[in-house]
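Single-structure report; data block below.
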Amino acid sequence: MTSERIVTWRSPGRVNLIGEHTDYNDGFCMPLAIAQGCNSSVSRLDDPVVEVISAQKDDPVEIALDELRPGALTGDAEWAGYAAGVVWALQQRGYELGGLTICLDGDVPGGAGLSSSAAVVCAVTASVGDLFDLGLERAELVSVARQAENDFVGAPTGGMDQLASVYGEVGRVLLCDMRSLEVEALPFDLDAAGLTLLVVDSRAPHQLTDGLYGERRAACEEAARQLGVPALRDLTLEDLSDALSRLSSDLLRKRARHVITENDRTLAAAGLLRTGQLRQVGPLLTASHQSLRDDFEVSVPEIDLAVEVLLAFGAYGARITGGGFGGCAIGLMEPAQARAAAIGVDGAFAGRGYRAPSSFTVTPGPGTRRLTAV
Ligand code: GLA
């Protein structure tokens, strides 16, 4: 039986403008929250269970509160782990929760690298915290959401997605320092600048838990270990050639070079945005793509093609965004170019026999927020 009170919160997905595979190196990234997101509506239950319902799934999943542990939800029930994992993470922190129903409704395309999962864990954390009056501050919200995704679901993500989903701001990108977890919202008013940020979802398969992401993380950690620093964040462009000469393999040199140069590009982009130079960020995006393609090796032919076409249509810059191995490309463009480029990308994909991509524009939107009245 449910009680009367239902609270609904919404959290967005994200697009990362620049600063890729830097978050788990304690580095810098610059995501923006997007309009697509997930609603979580929660209400109390008398029974000590968590029931998870999704508008995008056929069957609800129910699990007793005292049976929640990583690995408890498998097979057809696995999807519910993003919601139940939040309840588990809160329990781990000593919060006393009663039974509850969590009802999800999301519109972030799954598997596109737009953080549909962060939208779920953040919306659930905020709504459950509200329902049980836990008084969660934004920093704790991020940390609970991340714990659910990392430790309950087992997706080894680096923290950028949850920060973006919680702190998103209209008309701004977020410069995130992933060591201090400080967020600086920088002006990125595309409309005022007469610009468009086009997203091309390559629809090439993308899966973070399949090991390749973990391999990249492990390589970065090994490089930091060999260089005697806590994380690759601790090295700058000035240290680059010396650092590369001290690493034991070409593979580690490539991975480290990406992270060190990407942190530098991200800080350079922040400097440009602070002075309103949006178009000038373009070449940094393209350089980021080349580094992710050649040094970090997380691109795929579909995304490389999309980037090539966006640039051919006059984008100021274009790159893969998100974890990679599929997912989306972004291009910073004039609106008229973006319309033509979306058609151009479709044609180029058809010519290569790739799955039809889907293109849309994004603007920076609000972060996690309450939808129901207090
Ligand atoms: C995925 C992870 C993030 C981040 C990016 C790469 O999206 O969830 O934490 O590591 O990959 O920048």
Side-chain angles (χ1 to χ4, degrees), residues 11-34 36 38 82 85 108-122 142-143 145-168 173-179 181 183 199 201-202 204-221 224 231-233 255 258-266 269 284-285 288-289 291-293 295-300 303 319-330:
S11 294
R14 62 100 189 92
V15 159
N16 189 20
L17 185 65
I18 194 164
E20 214 69 81
H21 288 276
T22 46
D23 61 353
Y24 52 82
N25 290 296
D26 282 5
F28 299 94
C29 54
M30 200 186 277
L32 53 125
I34 58 176
Q36 294 88 338
C38 179
Y82 290 92
V108 186
L114 300 175
S115 294
S116 55
S117 55
V120 174
V121 286
C122 291
V142 168
S143 154
R146 191 169 166 197
Q147 190 183 357
E149 197 164 344
N150 288 169
D151 300 340
F152 190 91
V153 177
T157 58
M160 160 174 70
D161 311 337
Q162 296 83 6
L163 266 188
S165 185
V166 168
Y167 287 90
V173 286
L174 308 170
L175 173 65
C176 304
D177 178 332
M178 297 307 299
R179 174 166 280 165
L181 298 183
V183 175
V199 178
D201 179 358
S202 69
H206 157 101
Q207 185 57 264
L208 266 193
T209 39
D210 68 3
L212 292 169
Y213 182 87
E215 269 177 29
R216 295 301 183 281
R217 282 190 76 140
C220 291
E221 280 156 24
L232 290 178
R233 141 73 177 269
R255 302 301 188 247
H258 166 71
V259 175
I260 295 168
T261 58
E262 185 77 352
N263 277 327
D264 188 72
R265 283 185 287 272
T266 307
L284 295 168
L285 304 185
S288 166
H289 182 74
S291 178
L292 286 157
R293 182 192 63 200
D295 277 349
F296 219 64
E297 298 178 285
V298 292
S299 192
V300 292
I303 300 276
R319 62 181 287 270
I320 187 170
T321 186
F325 312 110
C328 293
I330 53 171

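For ligands, and for the atoms within them, numbers begin at 1 and follow the listed sequence.
Heavy-atom contacts of M160 reach the following atoms of ligand 1: 4 (C), 5 (C), 12 (O) (cutoff under 4.0 Å). The distance from ligand 1 to the heavy atoms of Y24 drops below 4.0 Å at these ligand atoms: 10 (O). Ligand 1 places these atoms under 4.0 Å from at least one heavy atom of G159: 9 (O). Per-residue contacts place G158 under 4.0 angstrom from the following atoms of ligand 1 (heavy atoms of the residue considered): 3 (C), 9 (O). Within the listing of ligand 1, atoms 1 (C), 2 (C), 3 (C), 4 (C), 9 (O), 10 (O), 11 (O) sit less than 4.0 angstrom from a heavy atom of Y213.
At a 3.5 angstrom cut-off on N or O pairs, D161 counts as close to ligand 1. For a threshold of 3.5 Å applied to N or O pairs, the pair formed by E20 and ligand 1 contains at least one separation below that value. Any N or O atom pair closer than 3.5 Å counts here, and S115 shares no such pair with ligand 1. When only interatomic distances are considered, the shortest N/O to N/O separation between G322 and ligand 1 does not fall below 3.5 Å.
At a 4.0 Å heavy-atom cut-off, ligand 1 touches D23 through the side chain alone. Within the 4.0 Å heavy-atom criterion, the part of R14 lying near ligand 1 is the side chain and not the backbone.
Side chains of Q147 and F152 form no contact here, defined as non-hydrogen atoms less than 4.5 Å apart.
A donor-acceptor pair under 3.5 Å is formed between the side chain of S202 and the backbone N or O of G327. Looking at S165, its side chain does come within 3.5 Å of a backbone N or O of P12 through a donor-acceptor pair.
Between H258 and F296, the ring-plane angle classifies as tilted under the 30° and 60° cut-offs.
There is a side-chain donor-acceptor pair under 3.5 Å between S288 and R319.
Qualifying salt bridge (charged side-chain N to carboxylate O under 4.0 Å, His left out) partners for D264, counting only residues two or more places apart in sequence or in other chains: none.
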Pair R265-E262, salt bridge (Lys or Arg N to Asp or Glu O under 4.0 Å): steps then yes or no: CA-CA 5 Å; R265 283 185 287 272; E262 185 77 352; 2.9 Å; yes

For I303 and H289, run side chain to side chain contact (heavy atoms under 4.5 Å, CB included): C-alpha distance rounded to whole Å, both residues' side-chain angles, the deciding distance at 0.1 Å, then the answer. CA-CA 10 Å; I303 300 276; H289 182 74; 4.0 Å; yes

